[in-house]
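Numbers here simply count residues along the sequence, with the first being 1.
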Amino acid sequence: MRIIYHEESRVFHLWNDSISYVMMVLPNGQLGQLYFGKRIHDREDLSDLLELTVRPMASCPFPGDRSFSLEHVKQELPVFGSGDYRSPAVEILQPNGSRICDFQYQSYRVEAGKPLLPGLPATYVEQTKEASTLVVNVKDSVTGICAELFYSIFAEGGVLARSICYHNEGTESVQLERAMSLCLDLPDCDYEWLQLSGAWARERHIKTRKLMMGIQSIGSVRGNSSHHHNPFLVLKRPSATENQGNVIGFSFIYSGNFLMQAEVDAHDNTRILAGLHPDTFSWKLQPGDSFQTPEAVMVYTDLGLNGMSRIFHQLYQKRLARGSWRDKERPILINNWEATYFDFTEDKLVKIAEKARECGVELFVLDDGWFGARSSDRAGLGDWVANLQRLPRGISGIAERIENLGMKFGLWFEPEMINEDSDLYRAHPDWVLATPQRAKSHGRYQFVLDFSRVEVVDCIYEMMAKILREAKVSYIKWDMNRSITECYSAALPPERQGEVYHRYILGVYDLYERLIQEFPEILFESCASGGGRFDPGMLYYAPQGWVSDDTDAVERMKIQYGTSMCYPLSCMGSHVSVIPNEQVYRRTPLHTRANVAYFGTFGYELDLNRLTEGEIEEVKAQISFMKKYRSILQFGTFYRLKSPFEGNEMAWMAVSGDKKTAIVGWYRILNTVNDRYTRLQLAGLEPDFCYRNSLSGSLCYGDELMNLGLCTTDSTAGEVTGGKEPCTDFESRIYVLQAD
């Protein structure tokens with residue numbers, strides 16, 4: 001990788017073996033964009049990539065020169081109001097009411113490695129040789145606002161990480177009204193836009209449409225990244241497939257309000273913006289103050305959607321997730337929530353744990369209901385003290401009993417929330433986010449604590465830390481079950497209320513960081529009513545997340561398939577749950593529920609004591625299988641093979657690093673009769689290896705399996721019969737392919 005600045009042409013070129021990023025100082029002194037894509041050769045003068053021509057009706061900054069207009073050039077930090085009528089990347093309200101700025105190039109520096117972002121999650125390196133960072137300094141002379149534009153290029157893969165830090169070096173306060181982290185101007189619009197969208201219990205479904213003239217966007221103003229739109233988008237050429245073609249992926253490493261937008265202008269140029277949602281953001285920048293935007297990551301590949309996903313998986317698994325659990329196989333857990341809800345005693349929990357231990361489960365997780373006056377969802381949140389009526393010896397007592405079984409103990413928290421029926425609320429009613437003289441909206445009978453206030457975060461930290469210091473807790477499930485409304489902090493003046501949403505997320509990050517530093521061996525799993533805050537920001541603190549509250553195997557196929565566009569399997573919380581399923585009341589076979597859950601962290605969400613002896617033996621076999629292969633399933637190379645959004649069958653696979661072992665998951669939603677013979681083309685195998693099929697015992701070379709395909713034909717190709725292995729609705733199979 002290299003970063004070079006050509007003084008004479010004033011061109012910057014960042015490149016590695018995969019990509020090039022080229023920009024230049026424009027004739028007006030601002031920073032312009034020239035190219036992002038597959039690696040190109042460097043030369044002394046790439047400024048010819050800047051095309052200028054006279055455009056009718058254009059506004060131009062140079063007297064007598066109609067060829068240069070900001071409306072028609074690609075820019076790094078565009079500002080509205082001086083000829084560019086497209087959406088800006090930055091907007092600053094000044095004391096005189098103006099919002100116009102002119103950020104002129106000042107200087108640059110190149111740093112080995114990659115700097116951390118104070119108080120924010122971001123990708124990182126462990127050795128400086130892994131990345132290089134270009135920092136370009138620009139300044140608006142009228143206001144004295146300076147901006148440092150950070151560009152970190154990694155040595156491997158088509159990855160570029162970007163962020164901006166604003167400094168007020170002027171003499172007056174200004175209001176930062178828009179602060180996007182990334183702007184990318186592309187010279188055409190021949191792309192399909194792919195997003196991950198949905199709602200509670202159907203998160204991250206793949207939605208694709210063609211880019212059209214005008215503005216299209218995804219975002220959140222809910223205070224969390226949301227179930228509805230994930231902070232991730234893809235631009236792919238229409239001819240691109242899973243395994244070939246040009247793809248650009250964008251990911252925003254943040255857990256709060258965001259905006260990701262594409263604007264196609266009248267000449268089919270495309271502007272991509274990613275950053276904090278401007279509708280809910282305003283930041284007072286006093287003289288001497290600085291503001292750092294969260295990080296955005298861009299990935300380019302010509303190896304299709306799977307190629308893009310593999311880059312994100314490797315990056316986020318190894319250089320976003322952190323801590324002692326980053327590279328460890330995840331423990332197989334059982335969670336008591338769907339087994340007991342609020343109806344439990346210590347002895348009842350231990351009975352569930354004993355059966356789980358017998359089956360090979362490694363971690364027992366006590367979910368909601370262990371604290372305060374928590375007998376329903378109407379009371380207790382905020383009082384993080386054990387309910388001694390249910391747990392006579394507190395958390396340390398139940399943890400000790402679980403540990404004595406030879407298992408680890410985990411605990412559920414929802415630290416950001418509070419019920420009005422709680423001791424904490426009665427002591428500090430002003431600690432709730434609420435607008436004066438306005439009604440408070442509740443969600444799930446609870447309210448949101450004002451995590452923009454240090455004293456609130458301090459209080460929750462001390463309560464949580466006390467429990468963790470006194471009890472042997474190996475895992476925390478951190479939940480968050482409602483979005484923010486009436487966003488107003490009693491601790492901030494009127495001109496700073498636009499800062500509350502962002503300060504809230506900074507408070508969440510701060511609490512996570514403090515707990516991680518004091519308790520580095522605890523495995524954190526993030527949760528937000530399922531997938532309401534499943535984003536890269538959370539992955540920096542919690543190496544796995546609860547993908548969705550919907551545990552139905554059929555629904556999870558779509559959810560986990562879509563999630564894999566950006567996120568590695570090692571971070572996907574996936575469990576086998578009861579039937580009929582609690583969300584859709586569907587009955588799916590036990591083996592299919594496991595066959596979906598294998599492709600994630602794996603666990604159980606039920607009371608194993610209620611299963612038959614035959615089912616228990618099946619569970620034991622499932623756990624044995626997962627323990628044998630979880631390293632490949634969680635840390636191998638993952639490939640999507642058939643989309644559940646496009647037909648009746650779905651398939652994916654994981655391949656070991658040495659390519660000697662592959663695990664293929666094949667799933668059929670509804671049964672068919674007298675159908676065709678079927679084969680599934682695999683990916684990622686070594687063509688010259690000969691693989692033995694665990695189900696048929698057959699031997700096939702890798703090139704055959706990837707080109708002719710794996711035979712998946714069963715009795716649905718003729719008369720469906722109830723033989724030794726009957727075919728039913730919601731059928732699935734796991735093929736283990738082992739190279740001899």
Q: Please report the shortest heavy-atom distance between Leu117 and Thr293, naming the atom on each side.
A: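 Smallest interatomic distance, heavy atoms only, reads CD1-O, 4.0 Å.
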
Q: Any side-chain to backbone donor/acceptor pair from Trp546 onto Ser526? Under 3.5 Å, distance only.
A: no

Q: Aromatic rings Tyr21 and Tyr151: how do their planes relate, parallel, tilted or perpendicular, breaks at 30° and 60°?
A: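 Ring orientation, 0 to 90° scale: tilted.
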
Q: Donor-acceptor pair, Asn168 side chain versus Gly288 backbone, under 3.5 Å?
A: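 Absent.
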
Q: Please name all residues satisfying side-chain contact (heavy atoms from CB on, under 4.5 Å) with Arg43, sequence neighbours left out, ordered by chain then number.
A: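 Once residues adjacent in sequence are excluded, the partners of Arg43 under the side-chain contact (heavy atoms from CB on, under 4.5 Å) criterion are Leu46, Asp48.
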
Q: Does the side chain of Thr123 come under 3.5 Å of the side chain of Lys114 through a donor N or O and an acceptor N or O?
A: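 A pair is found: one side chain offers a donor N or O, the other an acceptor, under 3.5 Å apart.
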
Q: Using modelled atom types and a 3.5 Å cut-off, is there a donor and acceptor pairing between side-chain atoms of Glu495 and backbone atoms of Gln175?
A: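 Here the side-chain-to-backbone pair does not exist.
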
Q: Is it the case that Thr208 and Glu192 place a side-chain donor and acceptor less than 3.5 Å from each other?
A: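 Short answer, no.
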
Q: Strictly distance-based, threshold 3.5 Å: is any side-chain N or O of Ser452 a donor or acceptor partner for the main-chain N or O of Tyr504?
A: no

Q: When you compare the side chains of His72 and Asp265, does any donor N or O come within less than 3.5 Å of an acceptor on the partner?
A: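 On atom types as modelled, these side chains do not qualify, holding no pair under 3.5 Å.
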
Q: List for me each residue that meets side-chain contact (heavy atoms from CB on, under 4.5 Å) alongside Ser656, sequence neighbours excluded, and say none if there are none.
A: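 Once residues adjacent in sequence are excluded, the partners of Ser656 under the side-chain contact (heavy atoms from CB on, under 4.5 Å) criterion are Ile632, Asp658, Thr661.
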
Q: May I ask you to check whether Asn246 and Tyr300 show a side-chain donor-acceptor distance below 3.5 Å?
A: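 Note: Asn246 and Tyr300 side chains meet the donor-acceptor criterion.
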
Q: Is there a donor in the side chain of His13 and an acceptor in the side chain of Ser20, or the other way round, less than 3.5 Å apart?
A: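 There is such a pair between these side chains.
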
Q: Is the closest side-chain donor-acceptor distance between Arg204 and Thr563 under 3.5 Å?
A: yes

Q: Rounded to the nearest 0.5 Å, what's the gap from CG on Leu186 to OH on Tyr35? Could you check?
A: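 Separation between the atoms: 11.0 Å.
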
Q: Identify whether NZ of Lys or CZ of Arg in Arg178 sits under 6.0 Å from the centre of the six-membered ring of Phe281 and within 45° of that ring's axis.
A: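 Cation-pi check for Arg178 and Phe281: fails.
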
Q: In this structure, which one of Leu194, Asp190, Ile272 forms a side-chain contact (heavy atoms from CB on, under 4.5 Å) with Leu235?
A: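 Per the side-chain contact (heavy atoms from CB on, under 4.5 Å) rule, the option paired with Leu235 is Ile272, out of Leu194, Asp190, Ile272.
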
Q: Tell me whether the NZ or CZ atom of Arg237 lies within the 45° cone about the ring axis of Tyr191 and under 6.0 Å from its centre.
A: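 Pair Arg237/Tyr191 counts as cation-pi.
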
Q: With a cut-off of under 6.0 Å to the ring centre and 45° to the axis, is Arg310 in cation-pi contact with Phe638?
A: no

Q: So how far is it from Leu273 CG to Gln261 CD, rounded to the nearest 0.5 Å?
A: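 Atom-to-atom, Leu273:CG and Gln261:CD are 5.5 Å apart.
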
Q: If we ignore hydrogens and angles and just use 3.5 Å, is the side chain of Tyr509 paired with the main-chain N or O of Ser255 as donor and acceptor?
A: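 Yes; at least one donor-acceptor contact below 3.5 Å.
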
Q: For the pair Asn257 (side chain) and Arg222 (backbone), establish whether a donor and an acceptor sit closer than 3.5 Å, ignoring hydrogens and angles.
A: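 Such a contact is found between Asn257 side chain and Arg222 backbone.
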
Q: Is there a donor in the side chain of Thr143 and an acceptor in the side chain of Gln94, or the other way round, less than 3.5 Å apart?
A: no

Q: Measure from the side-chain N and O atoms of His167 to the backbone N and O of Glu169, and report whether any donor-acceptor pair falls under 3.5 Å.
A: no

Q: Can Tyr540 and Glu295 be counted as having a side-chain donor-acceptor contact under 3.5 angstrom?
A: no

Q: Applying the ring pair (Phe, Tyr, Trp, His ring centres under 6.0 Å) test to Phe312, which of Tyr567, Phe250, Phe232 qualifies?
A: Phe232

Q: Please confirm whether the backbone N or O of Ser239 pairs with a side-chain atom of Gln244, one donor and one acceptor, at under 3.5 Å?
A: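 Yes; judged by distance alone, with no hydrogens or angles, the pair exists.
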
Q: Supply the atom-to-atom distance Ser173 OG to Asp289 CG, rounded to the nearest 0.5 angstrom.
A: 7.5 Å

Q: Can you tell me if Arg640 uses its side chain to pair, donor with acceptor, with the backbone of Ser564 under 3.5 Å?
A: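 Checking the backbone N and O of Ser564 against the side chain of Arg640, a donor-acceptor pair under 3.5 Å is found.
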
Q: Indicate yes or no: does Glu416 engage Arg533 in a salt bridge with an N to O separation below 4.0 Å.
A: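 Salt bridge between Glu416 and Arg533, a charged N being under 4.0 Å from a carboxylate O: yes.
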
Q: Counting C-beta onward and ignoring hydrogens, is there a side-chain heavy-atom pair between Ile145 and Tyr166 closer than 4.5 Å?
A: yes

Q: Pairing donors with acceptors under 3.5 angstrom, does anything connect the side chains of Tyr254 and His502?
A: yes

Q: Go through the steps to decide whether Arg319 and Arg326 satisfy the test side chain to side chain contact (heavy atoms under 4.5 Å, CB included), and finish with yes or no.
A: CA-CA 9 Å; Arg319 293 297 179 264; Arg326 184 189 71 181; 3.1 Å; yes

Q: Return yes if a side-chain donor-acceptor contact under 3.5 Å exists between Ser251 and Tyr316, otherwise no.
A: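 Distance-only check passes for Ser251 and Tyr316.
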
Q: Compute the centroid of each ring, for Trp478 and then for Tyr512, and state whether the two points are separated by less than 6.0 Å.
A: yes

Q: Would the distance check show the side chain of Glu203 and the main-chain N or O of Gly531 forming a donor-acceptor pair, the cut-off being under 3.5 Å?
A: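 Yes, Glu203 side chain to Gly531 backbone: donor-acceptor pair under 3.5 Å.
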
Q: Taking the side chain as every heavy atom from C-beta outward, state whether Met180 and Ser87 have any atom pair closer than 4.5 Å.
A: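 No, side chains not in contact.
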
Q: Determine whether Ser141 and Asp102 make a side-chain contact, defined as any pair of heavy atoms from C-beta on separated by less than 4.5 Å.
A: no

Q: State, without any angle test, whether Ser163 and Gln292 hold a side-chain donor-acceptor pair at a distance under 3.5 Å.
A: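 A donor-acceptor contact under 3.5 Å links the two side chains.
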
Q: Give, for atom CD1 of Ile253 and atom CG of Leu539, the distance between the pair rounded to the nearest 0.5 Å.
A: 9.0 Å

